[in-house]
Amino acid sequence: MRASGMSFDGSGFWRAAEPKPAYEVVVVGGGGHGLSTAYYLARNYGITDVAVLEKGWLGGGNMARNTTIIRSNYLWDESAAIYEHSLKLWEDLERELEFDIQFSQRGVLNLAHDLGDVRSSLRRVNANRLNAVDGEWLSPAEVANFCPIINISPDVRYPVLGATLQRRGGVARHDKVAWAYARAADRLGVDIVEHCEVRGFDVRQGHMTSVETSRGSIRATKVALAAAGHTSVLASMLGLRLPLQSHPLQALVSVLLEPVLNCVVMSNAVHVYVSQADKGELVMGAGIDAYNSYAQRGSFHVIEHQLAAAIQLFPIFRNAKLLRTWGGIVDVSPDASPILGTTPIDGLFLNCGWGTGGFKATPGSGHVYAETIANGKPGPLAQPFALERFETGALIDEHGAAAVAH
Ligand code: FAD
Ligand code: PYC
């Protein structure tokens, strides 16, 4: 075990230690994006003098609160490119990280419930194919064939008029993904420091010099924010105003059931998305709570409405019992797309705004963020997501594919 940071012993327990006084790179936030960034910095660029500072415990934020949906069927070229890059990394991740993350490409259905939905879904499938992203359009009968428990009766409030299917989409076990990246980064020499809150920054003549934490001052000339939901709070300590709003996003699981659901089903109109975990729970998520908040909880009426809608689509869930509900805090940008790259402060990097859709981006986000940090400038996949787009107006209005965000 190293003298600083946190290490895995053979039994899988963590051992925390004091952070060192200085690092080449400090990553703020020990969620999926922070951990994957640290891993790719070490693996792809040989930058191992890295600390990941986490104010709570590893993976205690959105990373282990999300509904684990992975897909790359986004509408616009820029989004399809970065999410498809991520999906390709997912497809080899268990081998690369030597960890069973329960990655399962069981297919993601996006249901269409009215003519507008049908048209935008067909448009998205066509755009996906042009970008070499797999996608199919299914008729209601084909939907029922693929997922027999969906109610395709025309008599419900939101009848199913068809669906898009991305067969390569699916799920992975989110906490295991965090552990897998943490273990792999740790093995390459990265320090992962829990219970270390970043509370301030020292910037001299426009250059980052250190971060102030609950465990003392740590020198670093490169600081990479990966603190989903809290980035605007950190940026405001530096006098930077970011176009982000923090909202609660809730999810729930049922008690354990026999296998009934063979794929992932999303309905943007009904604001329900559901899959069944390998253990047996139905995993469901809601739309964001409309107000801003930093509390990791939401309002019960949102869950109530979600369940009422879910039961119309899946009558078989009527007798399922709720086991747990929880919330996370997601940061939503005006064009429902991430903000990635450099800032006006030399040595300060941004990775935020993934909103309701950043789990699927975990490998891709870390991969391109590490590239940006190592080279001091974004590569081609990250470049369109730069902060400057809010000045130039080159927005990526990705609302079509992530409607739970608004
Ligand atoms: P986090 O895990 O939140 O990591 C950020 C970390 O920063 C936290 O651990 C936090 O404690 C830490 N931090 C904050 N401030 C500080 C500080 N001052 N100092 C040190 N550390 C700090 N995405 C999908 O693709 N598919 C889904 O199905 C999906 N479902 C979702 C369902 C829910 C209920 C929620 C809440 C989110 C969902 N998401 C989904 C979105 C996804 O979870 C997030 O976009 C993604 O996890 C964000 O990146 P992260 O993992 O690094 O965030
Ligand atoms: O982005 O696919 C997604 C998603 C599903 C649920 C929350 N986000």
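First listed ligand is number 1; within each ligand, the first listed atom is number 1. We use all heavy atoms of the structure for the numbers below, so side chains are in, but hydrogens, waters and symmetry mates are not.
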Side chain, backbone, both or neither: the part of Leu234 lying under 4.0 Å from ligand 1 by heavy atom
side chain
Close N or O approach (Gly357, ligand 1; < 3.5 Å):
yes
Is there a heavy atom of Gly355 sitting under 4.0 angstrom from any atom of ligand 1?
yes
N or O contact, Ile329 vs ligand 1, cut-off under 3.5 Å
no
So, Arg119 and Asp114, do they make that salt bridge, N to O below 4.0 Å?
no
Any Gly229 heavy atom less than 4.0 Å to ligand 1:
no
May I ask you to check if ligand 2 and Thr67 share an N or O to N or O distance below 3.5 Å?
no
Heavy atoms only: which of Ala227, Ala228, Ala178 lies closest to atom 48 (C) of ligand 1?
Ala228
Looking at Glu96 and Arg43, is there a salt bridge between them, counting it only when a charged N and a carboxylate O are closer than 4.0 Å?
yes
Of the listed options (Ser214, Ala251, Gly366, Gly358), which comes nearest to atom 46 (C) of ligand 1 when hydrogens are ignored and any heavy atom counts?
Gly358
Check: Arg71 N/O within less than 3.5 Å of ligand 2 N/O
yes
Any salt bridge between Arg187 and Glu98, counting N to O under 4.0 Å?
yes
From the options Asn66, Ile70, Ile69, Thr68, select the one whose nearest heavy atom is closest to atom 5 (C) of ligand 2.
Ile69
Under 4.0 Å from one or more heavy atoms of Gly357, ligand 2 contributes atoms 1 (O)
Pick whichever of Thr362, Ile69, Thr356, Asn66 has a heavy atom sitting closest to atom 26 (N) of ligand 1.
Ile69
So Val283 and Val274, do their side chains get closer than 4.5 Å, heavy atoms only?
no
Using side-chain hydrogen bond (donor to acceptor under 3.5 Å, both in side chains), reason through His230 and Ser246 one step at a time and then give a plain yes or no.
CA-CA 7 Å; His230 304 271; Ser246 295; over 6 Å; no
Could an N or O of ligand 1 be found under 3.5 Å from any N or O of Arg65, whether backbone or side chain?
no
Report yes if Trp57 has an N/O atom closer than 3.5 Å to an N/O atom of ligand 1; otherwise report no.
no
Under the criterion side-chain hydrogen bond (donor to acceptor under 3.5 Å, both in side chains), I'd like the reasoning laid out for Asp77 against Asn131: C-alpha separation, chi angles, the key distance, then a yes or no.
CA-CA 7 Å; Asp77 296 352; Asn131 276 319; 3.1 Å; yes
Out of Leu340, Thr372, Leu225, which residue meets the side-chain contact (heavy atoms from CB on, under 4.5 Å) rule with Leu350?
Leu225
Salt bridge present between Arg95 and Asp92 (N-O < 4.0 angstrom)
yes
Ligand 1 contacted by Ala226 (non-hydrogen, < 4.0 Å)
yes
Using heavy atoms and a 4.0 Å limit, tell me yes or no: is Cys196 in contact with ligand 1?
yes
Among all protein heavy atoms, pick the one closest to atom 36 (C) of ligand 1 and tell me residue, atom and distance.
Asn62 OD1, 3.5 Å
Within-4.5 Å side-chain heavy-atom neighbours: Ile396 and Glu78
yes
Could you point out which residue of Phe349, Tyr181, Trp354 forms a ring-ring contact (aromatic ring centres under 6.0 Å, His included) with His33?
Trp354
